[in-house]
Structure formats: structure tokens, C-alpha cells
Amino acid sequence: MTSASWHARISCGRDTGAGFLVTERHVVTCAHVVARGTTDPVSVSFAHGGGESVGARVIAHGGWDGRDTDPGDLAVLELDQDVALKPAEFAAPDEAYGDPPRKLLAYGFPKRYEEGTLAEYRATAGQLIAGEWVQLEAWAAHGQPLAPGFSGAAVTLADSGRVVGMVSAAARDPGVRNGRMLPANVMARYWPRLGDLIPTPEYDGPQKERLRLLVEEAARHGELECSPQRLYQEAVTAFGPPPPPHGFASLWDAAWYLLSEVADTKAAVRFAERLADFVEHTPTRTALRSWPYTHAEATPGYAPLAAPAPVSGADTRSWSPILVEIAPSGSGDQQFLVEVSAYNGNHRKVVGQRRLPADRVRPYALERIDEAYHALEPGARELLAFVLPRRWLNTDVAHWQRSADDDSPLGTFAPLVVMDLERRRSGGLQHKLLQKWRELDTQRSAPRLHRIGCGTVGQDPVKLTIGLRRGADMVGFGAPPRADGTRRLFQATLNAAVPVMLWPRSGCRGGHTHDDCRGAAFLDRLAEHLAGLAPGELPTHIHELRETAYASESPEPHWASDLALLWEDPRCLPDPVGYQHSPVG
């Protein structure tokens with residue numbers, strides 16, 4: 001067995017308990033051992049430290065509030081000075097359990113044992129009681145039982161001396177020789193620095209430390225609009241393990257669960273990227289996005305956690321869209337079916353559906369959009385998505401007055417995109433779109449923007465479709481899909497399953513030669529703005545651009561004042577439902 005000089009005796013007023021050194025200046029114990037620490041002095045001495053005591057103060061607390069069954073019975077003490085002792089070492093969490101059972105030791109300070117004594121125990125099973133404790137039972141029918149003075153003692157592997165947990169309670173009946181252990185991986189929920197010390201199979205110490213520091217920095221910059229549980233669920237995706245029954249008490253709690261319990265290392269990457277979306281502090285947001293593949297230069301031998309984050313940016317399935325579908329009703333050119341839905345993950349709630357004349361579509365859709373917000377979680381990442389007939393794709397939905405009481409354009413209220421109804425109903429084109437997004441997820445190069453200027457309307461649409469399938473991620477048009485030539489090229493681009501299309505809603509003002517062409521200027525500014533941007537994040541960037549354009553006080557129209565964005569990722573709008581027959585009754 002290794003040296004046990006790091007075992008500590010804790011005195012707080014008249015109360016005595018145990019603890020253990022985890023850094024040169026920090027000792028971990030039970031919160032109930034130092035419950036009077038705010039009024040009574042706390043001192044720490046070490047089993048082989050010559051009996052000299054060191055003053056200490058409580059710097060972290062697990063939240064325990066006084067009852068035996070309350071979780072968070074952990075406190076961290078900071079010593080008045082560093083001690084020249086080697087801190088405890090932790091074992092991997094699953095090493096405490098086995099068949100046959102592994103002998104565990106606890107070093108406590110019960111009455112009449114000022115120098116301390118050992119108790120031999122074993123873990124009944126790895127199953128957590130109330131999501132917090134592991135049951136301990138005596139190794140033999142005789143020997144030292146757990147008693148007052150053992151609270152806070154490190155539970156160690158008998159053969160290596162490495163720590164697997166901490167004694168938190170013992171049976172009140174002296175004849176019952178069992179107790180409870182707070183496992184090391186549960187302890188780390190309450191003091192994140194322990195996560196750096198506890199072995200985890202897929203991550204090294206510098207990787208865990210960097211994520212911990214980033215999470216702590218994010219928490220310092222304001223309350224997030226998204227819950228830790230929501231961030232976790234989006235990180236593991238629909239196919240990952242569910243969150244623990246007790247949920248997550250903090251942002252770090254969710255991050256630590258990913259590091260210690262989830263085998264998919266990419267989930268931690270997605271967690272950091274998604275967290276960045278909710279952090280207003282720019283340096284922290286940038287650092288979170290770079291976490292998977294950067295680290296302090298002072299860290300020798302650092303290896304990336306995973307492959308560099310793809311150019312496509314955060315997982316687009318993290319959007320919570322409000323979907324507005326406007327489709328011909330089959331009962332005349334001026335009659336439409338309007339359906340408004342709200343998505344939370346893969347769950348779709350229909351807020352309203354009605355057949356309406358054309359002049360009633362806008363007010364009905366706006367009322368249902370406002371109602372749909374009630375179905376979103378408070379931290380949901382909203383996206384207004386209009387699925388429109390092809391002849392309506394140039395409709396100025398982004399300029400719609402948001403409500404009767406709010407004159408501001410809808411496109412400044414939230415990220416807003418349009419989609420093509422015919423393409424959304426096509427199984428083949430949806431399949432091609434999914435393939436395109438998978439390519440973008442792994443693509444290391446910048447996304448490719450294909451320009452279609454005003455002077456290229458004579459291009460062969462079939463050749464354009466085939467060419468775009470091979471080599472374009474986004475397409476920018478210099479003119480709206482209004483003139484016959486542009487409309488054919490627009491349809492060819494839709495058939496190529498290009499996921500992102502942008503254009504100005506107003507037309508080119510150049511002459512026949514397109515000298516000094518407004519469309520060309522638009523495409524130049526568009527290319528400049530899109531450089532380096534992730535296609536998956538374009539709804540957010542275009543939303544910000546629209547806000548800038550609408551707020552501009554220049555006498556000349558802002559170049560993006562009538563910008564339209566067609567953006568479609570089937571993953572964030574699963575299972576499109578087509579109309580299989582005419583709904584006319």
C-alpha cells in the first residue's frame with residue numbers, strides 16, 4: 001500500500017471528523033463535519049504530519065442543508081498554508097466494484113483513536129442510492145465499524161491506496177455494520193477541480209481542465225437562457241444515453257457527466273459548441289468553440305480531443321423552429337392551407353391549421369407564430385421557417401410587420417428563412433440535402449459560394465443542376481427569381497439540392513451590358529460577408545445583418561435591406577408530411 005500521509009483529522013469546534021488532502025492546499029471532507037465552520041475555527045492535522053495543525057476555511061460546499069438524506073454532503077477546505085505532503089491519488093470510478101468484491105479501507109478518527117484507525121469495508125454494488133451514494137458493508141463480522149469520526153474519510157482500494165470515494169454516513173444501530181460512500185465521480189459534481197484528478201477513460205487531464213475552466217468562465221458571464229439538461233440532450237443527440245434521473249444541478253454537473261459517463265467523445269465537443277451559442281462574452285464564446293482542438297501552449301504533449309470542429313459550425317439540429325407551411329388548398333388559386341407548428345427536438349406540436357383566402361394568410365400566420373412561442377422552452381434557439389410555394393419564395397415575409405402592436409419587421413425579431421414547398425415534399429431531394437449536410441459536417445475547407453449574376457440568365461439549367469451537385473455549398477443570385485431566365489436557373493439550383501440560396505428581392509438596375517450592375521455589387525458584398533461563416537449558422541448571421549440593415553440611417557438603401565435567405569436542413573425539421581390527396585371536402 002502507498003503512503004497514507006494525506007489522511008487528515010478535521011476539528012471544527014467540538015466536532016471531529018476525517019478528510020483527505022487533494023492538492024497541496026485543499027482538503028475534502030463532509031459538509032456536516034464543518035457545519036459550524038462559519039462560527040467555530042476549523043483546523044486540520046495529518047496522520048503522519050507530526051501532530052501539528054493547520055488553520056483552514058471552507059471555500060466550497062455541496063449544498064447539504066442538514067438532514068441525513070440531503071445530497072451534497074461535501075465541503076472543500078483551503079489551508080492557511082501549503083503542506084509538504086503528497087496529495088491523494090484517485091482510482092477510476094469503476095475500480096471500487098468487482099466480482100469478487102474488492103477490499104476497501106477507510107481511515108477515521110473515532111473516540112479514543114487520536115492517531116486514527118482503519119476500517120475494512122466493501123461496496124455492496126455500483127448502483128447509486130438516490131443518485132448520490134453507494135452502500136458500504138463490513139468486510140468481516142469483526143473489526144472496526146464505521147463510527148462518528150469516520151465522516152469525511154477517504155475510501156481507498158486496499159491494494160493500491162488510491163481513493164474511490166468518501167465516507168458520508170454510518171448506520172445508527174451499532175449492531176448494523178454498514179454505511180454510505182459518496183463515490184469520487186459524484187464528489188466531482190460539487191467541486192469541479194476534482195474532475196481534473198479523477199481518471200476518465202477517454203480524456204486526459206489537460207482536456208478536462210480546459211473544459212472545466214471554460215464552463216466556469218461561461219457561468220461567470222451571466223445566467224444562460226438554456227438549461228444544463230437541454231444542453232446535455234442536444235450534445236448526446238437522440239441516440240445518446242438519457243440524463244440521470246436526478247437531472248443536473250449546474251452547468252458543470254452536465255459537463256462532468258459527459259466526461260465521466262458518456263463514451264462518445266464528440267458529445268463533449270458538441271456540448272462546448274452549443275454552450276458557446278448562449279454565452280454573450282465574446283472571448284469565452286470563441287474559446288468554447290475552439291475547445292476541441294486548442295490548448296494552452298504551456299501544456300506539453302497535448303493531443304486534440306477529437307478531429308477539428310467542421311466548418312459547418314454548431315449542430316443545426318439544435319434549432320427549435322417555428323414552421324409556417326403555406327400550400328395551395330386545391331380549391332382555387334387564391335385558397336391556401338396554412339399550418340403553424342413548433343418543434344422541440346423531434347417533437348412537433350401543431351399550433352394551428354386553416355384553409356384561408358390569400359388576403360388572410362398573413363394575419364393568421366402572424367397570430368399563430370406568436371402563439372407557437374408558448375410551446376418553446378425558455379432557452380430554445382428559435383428559427384422562423386416559412387415553407388412556401390415556389391411562386392411565393394420571393395414574398396417579403398422578412399418584412400412583415402410582426403404584430404398589430406409592433407411595427408418592426410419579422411426578420412429583425414428572430415432568424416428567418418424560407419424553404420421551397422415542392423422540394424420539401426420530394427423524398428429524393430430531401431435525401432440529397434441530408435447527404436450535402438453530412439459533407440458539410442466533415443468538410444475542412446471553407447464553404448463554396450457559386451455566383452449567378454444577372455448576365456448569366458442564358459445558362460443551360462440542366463448543366464447548372466449537375467454542376468452545382470458536384471461543387472457548390474451555397475448559391476448567390478444577383479437578381480430575384482422573377483424574370484423567366486432567372487426563374488429557370490433558380491429552379492435548377494433547387495433541383496441540385498443546394499442547402500443555402502441568397503438573393504436580393506429587388507431586381508438589377510443595370511443596362512443590357514450590366515455595367516455598374518446592382519446585382520454584381522450585391523454579390524460582391526455577399527461574398528465578403530459570407531467569407532468564413534458556417535452554413536449551419538447562417539440564419540443567425542443573416543438575422544444580425546438584417547438588424548443592421550433596418551437600423552441603418554444612410555440615405556442610400558443598405559445592400560442587404562431586401563436580402564432573402566433560403567436555408568434548409570432536414571435534420572432540424574424531421575419527417576416532412578406531404579399532402580397525399582386534395583383536402584377539398
Side-chain angles (χ1 to χ4, degrees), residues 324 326 328 333 336 358 361-362 384-401 409-412 415-424 449-461 464-465 468 472-530 535 538-539 541-543 545-546 548-550 552 556-568:
V324 183
I326 302 173
D333 289 343
F336 295 88
V361 168
R362 180 192 296 199
L384 302 181
F386 282 78
V387 179
L388 303 173
R390 192 158 295 178
R391 59 191 174 96
W392 274 36
L393 282 176
N394 201 43
T395 303
D396 61 343
V397 290
H399 287 76
W400 282 3
Q401 179 182 328
L410 191 60
T412 63
L416 185 151
V417 301
V418 298
M419 301 177 189
D420 177 58
L421 176 66
E422 285 81 354
R423 188 167 79 167
R424 181 153 167 77
L449 173 67
H450 182 87
R451 297 168 56 132
I452 297 180
C454 308
T456 59
V457 293
Q459 187 174 357
D460 186 322
L464 177 63
T465 297
L468 291 177
D473 305 316
M474 303 182 288
V475 171
F477 288 85
R482 198 162 48 199
D484 289 343
T486 307
R487 186 180 296 115
R488 287 195 298 270
L489 299 184
F490 197 84
Q491 181 168 330
T493 306
L494 290 169
N495 291 337
V498 175
V500 178
M501 299 165 61
L502 306 103
W503 67 92
R505 288 190 52 259
S506 55
C508 167
R509 295 178 181 176
H512 293 297
T513 61
H514 296 279
D515 294 332
D516 193 24
C517 176
R518 180 181 173 189
F522 171 84
L523 289 174
D524 290 341
R525 296 298 300 271
L526 184 66
E528 178 184 347
H529 182 79
L530 296 182
L538 275 186
H541 293 297
I542 298 302
H543 173 232
L545 185 59
R546 283 172 173 152
T548 301
Y550 293 137
S552 174
E556 293 296 322
H558 189 280
W559 70 272
S561 60
D562 60 354
L563 174 66
L565 170 64
L566 185 146
W567 181 96
E568 183 173 8

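For the single chain, residues carry numbers from 1 onward in sequence order. Values below: every heavy atom of this structure, side chains too, minus hydrogens, waters and symmetry copies.
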**Request:** Mind running side-chain contact (heavy atoms from CB on, under 4.5 Å) on Leu464 and Thr493 for me, showing each step along the way?
**Result:** CA-CA 7 Å; Leu464 177 63; Thr493 306; 4.1 Å; yes

**Asked** Does the side-chain contact (heavy atoms from CB on, under 4.5 Å) test come out yes or no for Val324 and Val397, once each step is laid out?
**Response** CA-CA 11 Å; Val324 183; Val397 290; over 6 Å; no

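When atom types are taken as modelled, the side chain of Arg451 and the backbone of Gly476 share no donor-acceptor pair closer than 3.5 angstrom. Between the side chain of Arg546 and the backbone N or O of Leu416, at least one donor-acceptor pair lies under 3.5 Å.
Taking both residues in full, the closest heavy atoms of Leu563 and Leu526 are given as CD1-CD1, 4.5 Å, listed atom of the first, atom of the second, then distance. Taking both residues in full, the closest heavy atoms of Pro535 and Trp567 are given as O-NE1, 2.9 Å, listed atom of the first, atom of the second, then distance. Across all non-hydrogen atoms, the minimal contact from Ala492 to Pro461 is CB-O, 3.3 Å. Nearest heavy atom pair, residue Thr486 against residue Ala479, reads CG2-O, 3.7 Å. Between Leu530 and Met474, the shortest heavy-atom contact is CD1-CE, 4.1 Å. In this structure, Pro409 and Ala398 approach most closely via the heavy-atom pair CB-O, 3.4 Å.
Contact check for Thr395 versus Ile326: no side-chain heavy atoms found under the 4.5 Å cut-off. Inter-residue side-chain proximity for Asp562 and Asp396 is flagged as unmet; no heavy-atom pair is nearer than 4.5 Å. Here the side chains of Arg518 and Pro504 are not in contact, with every heavy-atom distance at 4.5 Å or above. The closest side-chain heavy-atom distance from Leu566 to Phe477 is not below 4.5 Å.
The distance between the ring centers of Trp503 and Phe490 falls below 6.0 angstrom.
For the pairing with Tyr550, the ring-ring contact (aromatic ring centres under 6.0 Å, His included) check across His543, His558, His399 returns one residue only, His399. Partner Leu494 forms a side-chain contact (heavy atoms from CB on, under 4.5 Å) with one of Arg423, Glu568, Glu422 and no other, that one being Arg423.
Rounded to the nearest 0.5 Å, atoms CZ (Arg505) and CG (Leu393) are 11.5 Å apart. Once rounded to the nearest 0.5 Å, the distance linking NE2 of His541 with NE2 of His529 reads 7.0 Å. A distance of 10.0 Å separates OG1 in Thr548 from CH2 in Trp559, rounded to the nearest 0.5 Å.
Between the side chains of Thr465 and Asn495, no donor-acceptor pair is found at a separation under 3.5 Å.
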